[in-house]
Amino acid sequence: MSIKKAFLFCLILVGSLFSNAQEVGYYKHRIFLELDGQGQIPLLQNVFGERKGYVSKNGTLNSSYNLLDLAYRASLNVAISESVGFGVEFSQRFYKVNLQSVDEITRNFKDTSGNMISEYLAAKVAYLPIRESVFMPKVLISLNDSRIPCGFASEIGIGYSLIQLPNRNLAVELVDSQDPNQLSQLKEKLLDSRAEEFRGMVFMYGFRMNYPITKRVLFHIGFRYQYAIQFSKKKFRRMDESEYWFSGREVWSKVNLRRQLGIFSFGTGLTFTL
């Protein structure tokens, strides 16, 4: 079952279980929908994880910090009691990964005769875009005598992640050559075709404040701490030798590091009682 189908199933389940029960909650409305945007300035990977990379502007690669890290989120929740709630959440996060540590690319592979071939090229490669979809059940716990969904609350969740590469056609510039044929051949073998998507989990803890605007609408703002793990480490370790300039092991490792360093996010949005 896909993430979106599982999320839709949980929405229907939660709605059917609690649609006729409106005693607890905000003005007796137990069910509430949260819509918000999230983002972070990825300081940790810029300081510890990677150097400045490249973005394509007007057909030219320009040096730039890795600043894009945005997400949108939708969750359907129910107040089980005045202080405890349960919800299911779907989110998509968009960020980028720098595949290079220096302005060069290398590859090691065996030819048809079994000989080990090692090649090196001086080149610049643009950031690799990542789209991460997360399906997450979560628990909400009110703080300071607040009442779900109004006031202060903490949230805890464990989510399943699908990490995809929406654009594998990255901009590339050769440093010591202007040969278009060489550039074309390089781009054909740039990213290992076996590294199309990755899967993992996210452990989340957050703190939020919900401020009522009307009897049916609340404004919320908060932050989250998240710890990410990525599956299939042993599988991609075996992809070190490859005719591709960036092997499956390299791509897996770079994405994994980027996810582990993106641990704090801030979000704001609206809550609608149903």
Side-chain angles (χ1 to χ4, degrees), residues 1-41 68-95 131-162 201-226 228 262 264-274:
M1 182 181 293
S2 68
I3 291 179
K4 291 184 179 180
K5 288 182 179 179
F7 179 66
L8 180 60
F9 172 77
C10 288
L11 293 184
I12 296 173
L13 179 62
V14 172
S16 63
L17 287 175
F18 297 98
S19 59
N20 296 320
Q22 299 286 336
E23 296 83 5
V24 181
Y26 183 61
Y27 286 96
K28 297 184 179 181
H29 293 283
R30 302 182 63 174
I31 303 172
F32 52 100
L33 174 69
E34 296 177 334
L35 302 174
D36 68 29
Q38 294 183 336
Q40 62 175 289
I41 298 176
L68 176 66
D69 196 322
L70 301 172
Y72 70 85
R73 181 180 70 89
S75 65
L76 184 64
N77 312 271
V78 60
I80 300 174
S81 68
E82 291 186 359
S83 58
V84 178
F86 173 79
V88 289
E89 171 181 309
F90 175 77
S91 66
Q92 281 197 322
R93 178 183 169 199
F94 304 88
Y95 52 98
R131 179 179 65 232
E132 181 171 352
S133 304
V134 179
F135 170 72
M136 178 184 294
K138 66 178 184 178
V139 175
L140 299 95
I141 303 172
S142 66
L143 303 172
N144 296 333
D145 297 323
S146 298
R147 184 170 183 166
I148 298 291
C150 188
F152 295 93
S154 61
E155 51 184 356
I156 304 170
I158 301 177
Y160 174 80
S161 299
L162 176 63
M201 295 188 70
V202 175
F203 300 87
M204 178 275 295
Y205 174 77
F207 174 80
R208 59 193 298 122
M209 187 276 290
N210 300 276
Y211 181 81
I213 300 175
T214 70
K215 290 183 178 181
R216 302 298 294 268
V217 181
L218 300 93
F219 168 79
H220 62 256
I221 186 170
F223 71 88
R224 284 182 170 187
Y225 166 81
Q226 52 214 11
F264 291 107
S265 64
F266 297 88
T268 184
L270 296 175
T271 299
F272 303 90
T273 59
L274 303 177

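Position 1 is the first residue of the sequence, and the numbers go up from there. From a predicted model like this one, the values you see are computed outputs, not experimental measurements.
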- Task: Apply the test side-chain contact (heavy atoms from CB on, under 4.5 Å) to residues Val134 and Arg93: give CA-CA distance (whole Å), side-chain angles for both, the deciding distance (0.1 Å), then the verdict.
- Result: CA-CA 8 Å; Val134 179; Arg93 178 183 169 199; over 6 Å; no

- Could you please spell out the steps behind the side-chain hydrogen bond (donor to acceptor under 3.5 Å, both in side chains) verdict for Tyr95 and Glu132? CA-CA 8 Å; Tyr95 52 98; Glu132 181 171 352; 2.7 Å; yes

- Task: Report the C-alpha distance between Gln226 and Met136 in whole Å, list the side-chain angles of each, state the deciding distance to 0.1 Å, and finish with yes or no for side-chain contact (heavy atoms from CB on, under 4.5 Å).
- Result: CA-CA 12 Å; Gln226 52 214 11; Met136 178 184 294; over 6 Å; no

- Item | Steps toward side-chain contact (heavy atoms from CB on, under 4.5 Å) verdict (His29, Leu274) | CA-CA 6 Å; His29 293 283; Leu274 303 177; over 6 Å; no

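Contact annotation: the side chain of Ile221 never approaches that of Tyr211 to less than 4.5 Å [non-hydrogen atoms, C-beta and beyond]. Looking at heavy atoms from C-beta onward, Ile213 lies in side-chain contact with Leu270 at the 4.5 angstrom threshold. Within the 4.5 Å cutoff, the side chain of Thr268 has no heavy atoms near those of the Asp36 side chain. Two residues are said to be in side-chain contact when any heavy atoms from C-beta on lie closer than 4.5 Å; Leu143 and Phe207 meet this criterion. In this structure, Gln38 and Ser91 have side chains that are not in contact, with every pair of non-hydrogen atoms separated by 4.5 Å or more.
Residues passing the side chain to side chain contact (heavy atoms under 4.5 Å, CB included) test with Phe266, sequence neighbours excluded: Phe223. Residues meeting the side chain to side chain contact (heavy atoms under 4.5 Å, CB included) test with Leu70, sequence neighbours left out: Leu68.
Across all their heavy atoms, Met204 and Glu155 have their closest contact at SD-O, 3.7 Å. Counting all heavy atoms, side chain and backbone alike, Met201 lies closest to Ile158 at CE-CG2, 3.2 Å. Heavy atoms only, all atoms of each residue included: Gly262 and Gln40 are closest at CA-OE1, 3.6 Å. Across every non-hydrogen atom of Pro212 and Leu218, the tightest pair is CA-CG, 4.0 Å.
Taking OG from Ser154 and CZ from Arg224, the interatomic distance works out to 11.5 Å, rounded to the nearest 0.5 Å. For the atom pair CD1 of Ile80 and CD1 of Ile148, the computed distance is 10.0 Å after rounding to the nearest 0.5 Å. In this structure, the separation between CG on Leu162 and OG on Ser133 is 5.5 Å, given to the nearest 0.5 Å. Taken from CG in Asn77 to CG in Leu33, the straight-line distance is 8.0 Å, to the nearest 0.5 Å. For the atom pair OG (Ser81) and CZ (Phe86), the distance works out to 14.0 Å, reported to the nearest 0.5 Å. Rounded to the nearest 0.5 angstrom, Arg131 CZ and Gln92 CD are separated by 6.0 Å.
Between the side chain of Arg216 and the backbone N or O of Phe272 there is no donor-acceptor pair closer than 3.5 Å. Remark: side-chain polar atoms of Asn210 are paired, donor with acceptor, to backbone N or O of Pro149 under 3.5 angstrom. Without hydrogens or angle criteria, Arg208 side chain to Ala153 main chain gives no donor-acceptor distance under 3.5 Å.
A distance below 6.0 Å separates the ring centres of Phe264 and Tyr225.
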